[in-house]
Amino acid sequence: MRIARFSIDGNVGFGVVEGDELDVIKGHPFAEFERSGQKVPLDKVRLLPPVLPNKVVAIGRNYAEHAAELGNAVPDVPVTFFKPSTSVIGPGDPIAYPSFSQEVHHEAELAVVIGRMCREVPRERAKDVILGYTCANDVTARDVQQREKQWARAKGFDSSCPLGPWVETELDPSDIAAGLAIQCTVNGEQRQLGRTSDMVRPIEDLIVHITEAMTLLPGDVILTGTPAGVGPLNVGDEVAVTIEGIGTLTNKVIKRG
């Protein structure tokens, strides 16, 4: 099931995407809900970020080839960092090139959407706390990341976390481990192409690691790392992240006003 968050005529809601239509639901996807039967063409709505996370917990260097391309070793434990809720944008929303950077990179990633409040999750129950998966772009001010010890500004600036286009609920960690294709294009040119099976640490281990330290809330998002091939974005570029079985997230880069 593909669950989208949308806006139409000033009203915001959730719906189930079926083909080129959206079936509006009663309630929200973090509890039992009913389909209203009210169907709206997708091209008549504005798709929003599929969730509004309290926090985005991101994992660095979770693909060995990506770690190597930036001259880093795979860490002994997962590298975790946060992207604030103000960094989140949806499909079609602009990525505003930050004024304090001269080198902004794309990073195509699989995002895990948490479905219920959880902490200290045992590995065998990790899939029970997942609502589904979506596409993400961990947009990074690479020059800032390299010169500042903390990554907060480099990875947390406004519009640095595009998510979407919807949440796919019919995948689970075994599908991720089997290997879904993850691709990034810039202006139609392929930049990244990898498979989720290349993750150093699987989804279950990431959830265990994160929830040992903190409570995750419904709608929180985990970014699972990016494959090799990261590279620069420039004002005017159109960047697209496509993940097999989910869909495509597209955003354009604009000058920050």
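V221 and I210 are members of different hydrophobic clusters when ILVMFWY side chains are connected at heavy-atom separations under 4.5 Å. In terms of hydrophobic clustering, with Ile, Leu, Val, Met, Phe, Trp and Tyr side chains grouped at heavy-atom distances under 4.5 Å, V186 and V235 are assigned to a common cluster. In the hydrophobic cluster analysis, where Ile, Leu, Val, Met, Phe, Trp and Tyr join through side-chain heavy atoms closer than 4.5 angstrom, L131 is grouped apart from I203. Cluster membership for V167 and F30, using ILVMFWY side-chain heavy atoms within less than 4.5 angstrom, is shared. With hydrophobic clusters built from ILVMFWY side chains whose heavy atoms lie under 4.5 angstrom apart, V113 does not share a cluster with V129.
In this structure, the side chain of T224 engages the main chain of L110 through a donor-acceptor pair within 3.5 Å. In terms of modelled atom types and a separation under 3.5 Å, the side chain of K83 and the main chain of S160 share a donor-acceptor contact. Here the side chain of T196 pairs a donor or acceptor atom with the backbone of L180 at under 3.5 angstrom. Side-chain N or O atoms of N62 include one that pairs as donor or acceptor with a backbone N or O of R201 at under 3.5 Å. Judged purely by atom type and a 3.5 angstrom limit, N251 has no side-chain atom pairing as donor or acceptor with the backbone of P94. Not a single donor-acceptor pair under 3.5 Å links the side chain of T80 to the backbone N or O of I59. D9 places no side-chain N or O within donor-acceptor distance of the main-chain N or O of N11, the cut-off being under 3.5 Å. Put simply, the side chain of R195 gets close to the backbone of G179: a donor and an acceptor are under 3.5 Å apart. Remark: the backbone N or O of K39 is not paired with any side-chain donor or acceptor of E21 at under 3.5 angstrom. In terms of modelled atom types and a separation under 3.5 Å, the side chain of E244 and the main chain of A181 share a donor-acceptor contact.
Sorted by first and then second residue, the ring pair (Phe, Tyr, Trp, His ring centres under 6.0 Å) pairs with a member in residues 101-134 form an empty list; sequence neighbours excluded. Under the ring pair (Phe, Tyr, Trp, His ring centres under 6.0 Å) criterion, the residue pairs touching residues 63-92 are F81-W151, with sequence neighbours excluded.
Using a 4.5 Å heavy-atom cutoff, the side chains of V24 and F6 are in contact. Residues L223 and V56 meet the side-chain proximity criterion, which asks for heavy atoms closer than 4.5 Å. Counting only heavy atoms from C-beta outward, the side chains of V139 and V104 approach each other to under 4.5 Å. Put simply, the side chain of S85 does not reach to within 4.5 Å of the side chain of L52, judged on heavy atoms. Contact annotation: the side chain of P122 never approaches that of E204 to less than 4.5 Å [non-hydrogen atoms, C-beta and beyond].
Side-chain contact annotation: K155 with T140, donor-acceptor N/O pair under 3.5 Å present. Looking at T226 and Q192, their side chains do bring a donor and an acceptor atom within 3.5 Å of each other.
For the side-chain contact (heavy atoms from CB on, under 4.5 Å) with V112, the qualifying choice from I130, T134, V57 is I130, the only one to do so. Remark: of the listed residues T242, I182, V241, T250, V241 is the sole one forming a side-chain contact (heavy atoms from CB on, under 4.5 Å) with C135. Put simply, the residue from I3, V17, L22 that forms a side-chain contact (heavy atoms from CB on, under 4.5 Å) with W166 is V17. Looking at V12, I89, V88, D93 one by one, the single match for side-chain contact (heavy atoms from CB on, under 4.5 Å) with L48 turns out to be V12.
Comment: R142 engages E107 in a salt bridge, judged by a side-chain N to carboxylate O separation of less than 4.0 angstrom. With respect to the salt-bridge test (charged N to carboxylate O, under 4.0 angstrom), the residues R119 and E212 do not qualify. The existence of a salt bridge linking E148 and R153 is confirmed by a sub-4.0 Å separation between a basic side-chain nitrogen and an acidic carboxylate oxygen. Ion pairing between a basic and an acidic side chain is recognised when a charged N comes within 4.0 Å of a carboxylate O; K55 and D220 show such pairing. With respect to the salt-bridge test (charged N to carboxylate O, under 4.0 angstrom), the residues D205 and R123 qualify. Taking the charged nitrogens against the carboxylate oxygens, E170 and R2 have no contact shorter than 4.0 Å, which rules out a salt bridge.
Surrounding CD of E103 are more than 12 heavy atoms belonging to other residues, nucleotides or ligands, all under 6.0 Å away. Within 6.0 Å of the CE atom in M214, the count of heavy atoms belonging to other residues, nucleotides or ligands exceeds 12. With a 6.0 Å radius and a threshold of 12 heavy atoms from other residues, nucleotides or ligands, E65 has its CD atom at or below the threshold. For E124, the CD atom sits in a packed shell: over 12 heavy atoms of surrounding residues, nucleotides or ligands are nearer than 6.0 Å. Residue Q190 qualifies as enclosed at atom CD: its count of foreign heavy atoms under 6.0 Å is above 12.
Interatomic distance, CG of D128 versus SG of C118, reported as 10.0 Å (0.5 Å rounding). Between the CG atom in L216 and the OG1 atom in T211 there is a gap of 6.5 Å [rounded to 0.5 Å]. To the nearest 0.5 Å, atom CD of residue E238 and atom CD1 of residue I95 are 10.0 Å apart. Distance NZ/K127 to CG/D175: 10.0 Å, rounded to 0.5 Å.
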Fill in: Trace of the side-chain contact (heavy atoms from CB on, under 4.5 Å) decision for R5 with L47
CA-CA 6 Å; R5 182 170 163 267; L47 291 180; over 6 Å; no

Item to complete: Please step through side-chain contact (heavy atoms from CB on, under 4.5 Å) for the pair F14 and F33, ending with a clear verdict.
Response: CA-CA 10 Å; F14 289 95; F33 63 82; over 6 Å; no

Worksheet item: Where do V239 and L233 land on the side-chain contact (heavy atoms from CB on, under 4.5 Å) test, with the steps shown first?
Response: CA-CA 8 Å; V239 56; L233 292 171; 3.9 Å; yes

Practice prompt. Would you sort out whether M199 and I176 count as a side-chain contact (heavy atoms from CB on, under 4.5 Å), showing the intermediate values?
Written response: CA-CA 9 Å; M199 286 184 194; I176 309 307; 4.0 Å; yes

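Here the closest non-hydrogen pair linking P165 and P91 is CA-CG, 3.9 Å. The heavy-atom pair separating G156 from P84 by the smallest distance is O-CG, 3.3 Å. Contact between G115 and P218 at its shortest, heavy atoms only, is O-CB, 3.9 Å. For the pair P232 and R191, the tightest heavy-atom approach, listed with the atom from each and the gap, is O-NH1, 3.0 Å. In terms of heavy atoms, R61 sits closest to V74 at O-CG1, 4.4 Å. Pairing each heavy atom of V144 with each of S101, the nearest pair is CG2-CB, 4.2 Å.
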